[in-house]
Number of protein chains: 2
Amino acid sequence: MSTEKTRCKGIPLTVVKRLPGYQRLLSDLAAKEVERISSRELAAKMKINASQVRQDLSLFGSFGQQGYGYRVSYLLAEINKILGINTETKMVLVGAGHLGRAIANYHNFARRGFIIEALFDQNPQVIGKTINNLTVKDVRELGAYLTTAPAEIGIICTPAVVAQEIADLLVRHGVKGIWNFAPVSLKVPANVCVEHVHLGESLMILSFQLKQGEEASKIQKKLQNNC
Amino acid sequence: MSTEKTRCKGIPLTVVKRLPGYQRLLSDLAAKEVERISSRELAAKMKINASQVRQDLSLFGSFGQQGYGYRVSYLLAEINKILGINTETKMVLVGAGHLGRAIANYHNFARRGFIIEALFDQNPQVIGKTINNLTVKDVRELGAYLTTAPAEIGIICTPAVVAQEIADLLVRHGVKGIWNFAPVSLKVPANVCVEHVHLGESLMILSFQLKQGEEASKIQKKLQNNC
DNA sequence: CATACTTTGTTATAATCTATAACAATTCTG
DNA sequence: CAGAATTGTTATAGATTATAACAAAGTATG
């Protein structure tokens, strides 16, 4: 592929996408006070191959012991480290519209150490309001705020037209990761990470599946031609 | 891969993911009243290869003419058909919490023909409230409602614990696609499509990138060993 | 209206990426 | 201490994806 990457920081994206799965599984096991687990058992629960589990983990280090397997608590701790969970990550959110407010109220993030420290908006009618114990600040204060209280992640929930401008501002003030909900592809320096949530595209893909299901005739014809 | 599919309705997922891109590009061209475009020009704008454009499109039919290229208006219309855009798709939304309300207020969907026809919730304090001109109904009425007013897509914005139950109910009443925002993997019959939006995983992947960037030493060592 | 040019749709090929298998090395267990 | 178990890693096989190549068919032009 030209534009879309298949790797992320040197790790295959397919592996990265499995990491949250491992994390959840190990959390469950830890909660059940399971002490040890083998790659075979892990694989069974993840519905993948045992080799793959070992290969995935080996990309990050050696966490198991021959003849024994993996100590659940240790492996969980290591995966949490890899994912940056439980180490308090400070975030600021820009754009306190409907979506921004929804994100600000989502407590699951905070539970894992992702803390929204401040909210910003452009709209005078929104500025000053309190959302989930935070008062919405004027976006013009964003730069000054970040200077005194740096954040690692900036969440962009603004309209598409201003998203790039906000991204630039965030980057200029030391933000290292951007969680972007605006439907534009942001340009940022190489040392800054962007994770894009494509709601519109997601809906279109669902719609695509529906339409294809309806009139699958075309494709079936194509497939028949291949035989 | 074992669990994750690489194809969607017979079409490679990589292609499906490019479709919204083509759609947006062609919309822009149509707005600028551009009449024709070649695969080479399209490819340049999409930052991919011309062969790939032709191969992508050929999966759905023959939309161009040798020696001429593609008529923008026609190709756009065809891609809109493929994606199910502009053909009024009826949706119901279940779970009018923060996220549900944000979705209900997002007008970009309606602009493309995706209409939310009704909202449902379990919470008596939410039932009866008006959101974007729709009154939130009691979720216990969901089945009866769908019987009289069928919908193609159900949007699940409920807590994870009740998501499967709601999905079952939706499917039982004829919904063919589920847009799921709850952090669980739903089980549905083969003829029903699910598109999952993983907010939590998306944030974890961003966090992963940040942490890996910080202490990239490990990986760099690994890479050096490979040389 | 004939010729040169363009560009598609499709088949073939190359390149890349992903998953599986295999095994030496190491630790556990009785 | 011997035998069983299981890792980490390298090698291999299997898909998938992107690119190239080309015949077929239309366009443009004098």
Side-chain angles (χ1 to χ4, degrees), chain A residues 1-19 21-22 35-44 46-72 74-75 78 218-219 221-227, chain B residues 1-19 21-22 35-44 46-72 74-75 78 218-219 221-227:
Chain A
M1 256 171 285
S2 324
T3 50
E4 208 170 331
K5 288 177 290 186
T6 63
R7 296 192 163 232
C8 171
K9 300 281 168 185
I11 307 292
L13 256 183
T14 47
V15 177
V16 175
K17 286 187 190 159
R18 278 193 287 269
L19 291 176
Y22 291 123
E35 265 202 7
R36 55 180 270 189
I37 189 163
S38 68
S39 61
R40 193 164 36 80
E41 293 169 290
L42 254 175
M46 294 276 293
K47 287 172 188 165
I48 58 178
N49 185 291
S51 279
Q52 202 163 359
V53 169
R54 294 201 297 278
Q55 208 179 36
D56 285 358
L57 296 177
S58 78
L59 290 170
F60 301 101
S62 302
F63 308 125
Q65 267 185 326
Q66 286 103 326
Y68 178 86
Y70 301 88
R71 193 168 298 277
V72 170
Y74 176 66
L75 184 55
E78 287 298 315
K218 268 187 204 165
I219 293 155
K221 264 185 199 167
K222 282 216 165 276
L223 287 175
Q224 280 165 9
N225 288 344
N226 289 348
C227 296
Chain B
M1 256 172 285
S2 322
T3 49
E4 208 171 330
K5 288 176 289 185
T6 64
R7 296 192 165 234
C8 169
K9 299 284 170 183
I11 308 291
L13 256 184
T14 47
V15 177
V16 176
K17 285 185 192 161
R18 278 193 288 268
L19 291 176
Y22 290 124
E35 265 203 5
R36 54 181 271 190
I37 190 164
S38 68
S39 61
R40 192 163 37 82
E41 294 168 290
L42 255 174
M46 294 275 293
K47 287 171 189 166
I48 58 176
N49 185 293
S51 279
Q52 203 164 357
V53 170
R54 294 201 298 278
Q55 208 179 37
D56 284 359
L57 297 177
S58 79
L59 291 169
F60 302 100
S62 303
F63 308 125
Q65 267 185 328
Q66 285 103 327
Y68 178 85
Y70 301 89
R71 194 166 297 278
V72 169
Y74 176 66
L75 184 55
E78 287 297 316
K218 267 188 205 166
I219 292 155
K221 264 184 201 167
K222 279 214 166 284
L223 287 174
Q224 279 166 10
N225 288 345
N226 290 346
C227 297

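Quick note: numbers below take in every heavy atom, side chains included, and nothing from hydrogens, waters or symmetry partners. Here is how names work: the chains are called A, B, and so on, in the same order as the sequence lines, proteins then strands, and each is numbered from 1.
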Chemist: Who passes side chain to side chain donor-acceptor pair (under 3.5 Å) against B:Arg71, sequence neighbours left out?
Modeler: B:Tyr68
Chemist: Using a cut-off of under 3.5 Å, enumerate the N/O to N/O pairs linking the protein to nucleotides 22-30 of chain D.
Modeler:
residue, atom, partner, partner atom, Å
D:dA25, O4', B:Gln66, NE2, 3.1

Chemist: What residues, two or more places apart in sequence or in another chain, satisfy side chain to side chain donor-acceptor pair (under 3.5 Å) together with B:Glu41?
Modeler: B:Ser38
Chemist: Find the distance A:Lys47:NZ to C:dT18:P and express it as a whole number of Å.
Modeler: 22 Å
Chemist: Report yes or no: does A:Arg7 contribute a side-chain atom to a donor-acceptor pair with the main-chain N or O of A:Gly10 at less than 3.5 Å?
Modeler: yes
Chemist: Could you tell me how far apart A:Gln55 (CD) and C:dC23 (P) are, to the nearest whole angstrom?
Modeler: 17 Å
Chemist: In whole Å, I'd like the distance from the CZ atom of B:Phe63 to the P atom of C:dT10.
Modeler: 11 Å
Chemist: Rounding to an integer number of Å, can you tell me how far B:Gln52 CD sits from C:dA15 C1'?
Modeler: 13 Å
Chemist: If you check every side-chain atom of A:Ser58, which of D:dG8, C:dT11, D:dT7 has the closest atom?
Modeler: D:dG8
Chemist: Can you check the B:Ile48 CD1 to D:dT19 C1' distance for me, whole Å?
Modeler: 12 Å
Chemist: With respect to the side chain of A:Pro12, which nucleotide from C:dT7, C:dT18, D:dT19 is positioned closest?
Modeler: C:dT18
Chemist: Do you know which two heavy atoms are closest between A:Ala50 and A:Arg40, and how far apart they sit?
Modeler: CB-CA, 3.9 Å
Chemist: Going by side chain to side chain donor-acceptor pair (under 3.5 Å), name the residues that satisfy it together with A:Gln65, two or more places apart in sequence or in a different chain.
Modeler: none
Chemist: I need the CD-P distance between A:Glu35 and C:dC28, as an integer number of Å.
Modeler: 14 Å
Chemist: Just to confirm, is there a sub-4.0 Å distance from OP1 or OP2 of C:dT7 to any side-chain nitrogen or oxygen of B:Ser39?
Modeler: no
Chemist: Using a 4.0 Å heavy-atom cut-off across all strands, classify A:Arg7 as base, sugar-phosphate, or nothing.
Modeler: nothing
Chemist: OP1 or OP2 of D:dA20 less than 4.0 angstrom from a side-chain nitrogen or oxygen of B:Ser51, does that happen here?
Modeler: no
Chemist: Specify the separation, in whole Å, of atom CD1 of B:Ile11 and atom P of D:dT17.
Modeler: 12 Å
Chemist: Test side chain to side chain contact (heavy atoms under 4.5 Å, CB included) on A:Leu75 and A:Tyr22; report intermediate values, then the result.
Modeler: CA-CA 9 Å; A:Leu75 184 55; A:Tyr22 291 123; over 6 Å; no
Chemist: Mind calculating the distance between NZ (A:Lys17) and P (C:dC17) to the nearest angstrom?
Modeler: 14 Å
Chemist: Quick one: which of C:dT7, C:dT10, D:dT6 gets closest to the side chain of A:Arg40?
Modeler: D:dT6
Chemist: So, does A:Thr14 get its side chain near the phosphate of C:dT18, meaning an N or O under 4.0 Å from OP1 or OP2?
Modeler: yes
Chemist: Within the structure, does a side-chain N or O atom of A:Tyr70 lie under 4.0 Å from either OP1 or OP2 of D:dA5?
Modeler: no
Chemist: Evaluate the side-chain proximity of B:Gln52 to B:Arg18: yes if any heavy-atom separation is below 4.5 Å, no if none is.
Modeler: yes
